[in-house]
Participant: 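Dumping the structure here so I can ask a few things about it.
Throughout, a chain's letter reflects where its sequence line sits, starting with A, and its residues are numbered from 1. This one's a predicted model, so the numbers in the text were calculated from it and none came from an experiment.
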2 protein chains.
Amino acid sequence: MARTREFATDEAVVAARSVFWEHGYEQASVPELERATGLGRSSIYQAFGSKRGLFDACVESYLAEVIRPRLRPLEQDPVDAGALAEYLDGLRGALGDAGSAPGRHGCLLMNAAGAPIGREDAIAERVAAYREELRAAMRRGLAAARGLGGSGRLGDGEPDARLLDRDAEACASLVTSAFALTRVDHAAALRCVDAARAMI
Amino acid sequence: MARTREFATDEAVVAARSVFWEHGYEQASVPELERATGLGRSSIYQAFGSKRGLFDACVESYLAEVIRPRLRPLEQDPVDAGALAEYLDGLRGALGDAGSAPGRHGCLLMNAAGAPIGREDAIAERVAAYREELRAAMRRGLAAARGLGGSGRLGDGEPDARLLDRDAEACASLVTSAFALTRVDHAAALRCVDAARAMI
DNA sequence: GTCTTTCTGCAATGACCGTTCCAGTATATT
DNA sequence: AATATACTGGAACGGTCATTGCAGAAAGAC
């Protein structure tokens, strides 16, 4: 029917993703996105419609390729007793590596949360959902590690369940803080991950 | 010697502060700062040197007038047993008020942490110091509430001290997360504050 | 081979950015 | 009153922004 695209869309998204990750949506310029993706302006606008469209694609890719794979072991049934510890160790490795994207820039989504783009409903919902996903995963991981609810069922009213809820919220918050602190205080960020590990 | 300034510098800083608070450093435009402060460009540049100079003044003002007053009761000696609960209740009130600056925009400094400006050494240090101040305050507040170290002294090696450290880190992280989530999920932010309260 | 459709390269668009320059104004000191 | 100094208003600076328009290139369908 027509001319075929000369580039792989997903490769372009990955390249653009790292630009948004580093600079945030607002400060990522189109010329910079051109450079990173190797594409011309027309190709970007033809494929994604707008800078915002490209960013949305990057957010989806970030969730699918960066966040979810790490979280998956905590969302399976049953959850392995060591899954949470493994997740946190992996996170620590990533944040501790000063060369990696997470180590240098924290979390693409949490950075977006504090930026003007975070006011956009579509983005706000994505970030909120991610944070909730993280909290739920922490809860499952904690429960498994502590040998509670091996078959998953723990009454919501029980004291153990309340404690689990609080600790899960705390764990998720420690991870969130680690992301938030990565840019400004690398060591403090790692301390947050360690504190989360110690909560298991 | 010379003509006198026609405006109050601190009033201008407060006005500019709310602009930076809402939009972040990068997205706050000079025309908008002019509008908010009621000043002309020349006056701004004469008084503060640059947009960045004005921002620095706003950060100082934010620390001195917004952060420190709330944290003070937790930094006195001795700390009141109810000081942490009062702090968290106050924070809950501020974050819960959808009309207030914290309720709408979270924390000026934590927002800056995830933005490009967070890469500037001077800003990164300020944010890191604030976060450490918060953690230390949480520790003192927790200790007081739990009746530990009435005279403040608790050996670093004791198990109680380790627990206190972890809980303080968790508390500070819950507050940090509350700030980070305010823009994207108001209810979740309040839940974080509640979780911190429950840790006392 | 022709047609149709999509993709690509380049240039231009109007708008806004932070900063600077300059002429004019007002005041505290002498 | 004269002077030196600091503040103010307004216009202009060069630069960058996201987006669009258009001409040409490429490839599947017929």
Participant: On DNA chain C, does the nearest nucleotide to B:T4 precede the nearest nucleotide to B:P31 from the 5' side, or the other way round? Give the residue.
Facilitator: B:P31
Participant: Where is the tightest heavy-atom contact between B:G103 and B:S100, given as atom of each residue plus distance?
Facilitator: N-OG, 3.1 Å
Participant: Quickly work out the B:I44 CD1 to C:dT20 C1' distance and round it to whole Å.
Facilitator: 14 Å
Participant: Find the distance A:R52:CZ to D:dA18:P and express it as a whole number of Å.
Facilitator: 14 Å
Participant: Indicate for each nucleotide in nucleotides 11-16 of chain D, in 5' to 3' sequence, whether protein heavy atoms under 4.0 Å reach the base (B), only the sugar-phosphate (S), or nothing (-).
Facilitator: ------
Participant: Would you call B:D167 and B:R139 a salt bridge, taking side-chain N to carboxylate O under 4.0 Å as the test?
Facilitator: no
Participant: Send over the distance from A:F55 CZ to D:dA18 C1', rounded to a whole Å.
Facilitator: 16 Å
Participant: Around atom CD of A:E60, are there more than 12 heavy atoms from other residues, nucleotides or ligands closer than 6.0 Å?
Facilitator: yes
Participant: Do A:R5 and A:T9 have a side chain donor and acceptor closer than 3.5 Å?
Facilitator: yes
Participant: Could you state the OH-P distance from A:Y45 to C:dA12, rounded to the nearest angstrom?
Facilitator: 18 Å
Participant: Mark yes when over 12 heavy atoms from residues, nucleotides or ligands other than B:E11 sit less than 6.0 Å from its CD; otherwise mark no.
Facilitator: no
Participant: Select from A:K51 and B:S43 the residue whose nearest nucleotide in DNA chain D is closer to the 5' end of that strand.
Facilitator: B:S43
Participant: Under 4.0 Å between a side-chain nitrogen and a carboxylate oxygen: does that hold for A:D194 and A:R92?
Facilitator: yes
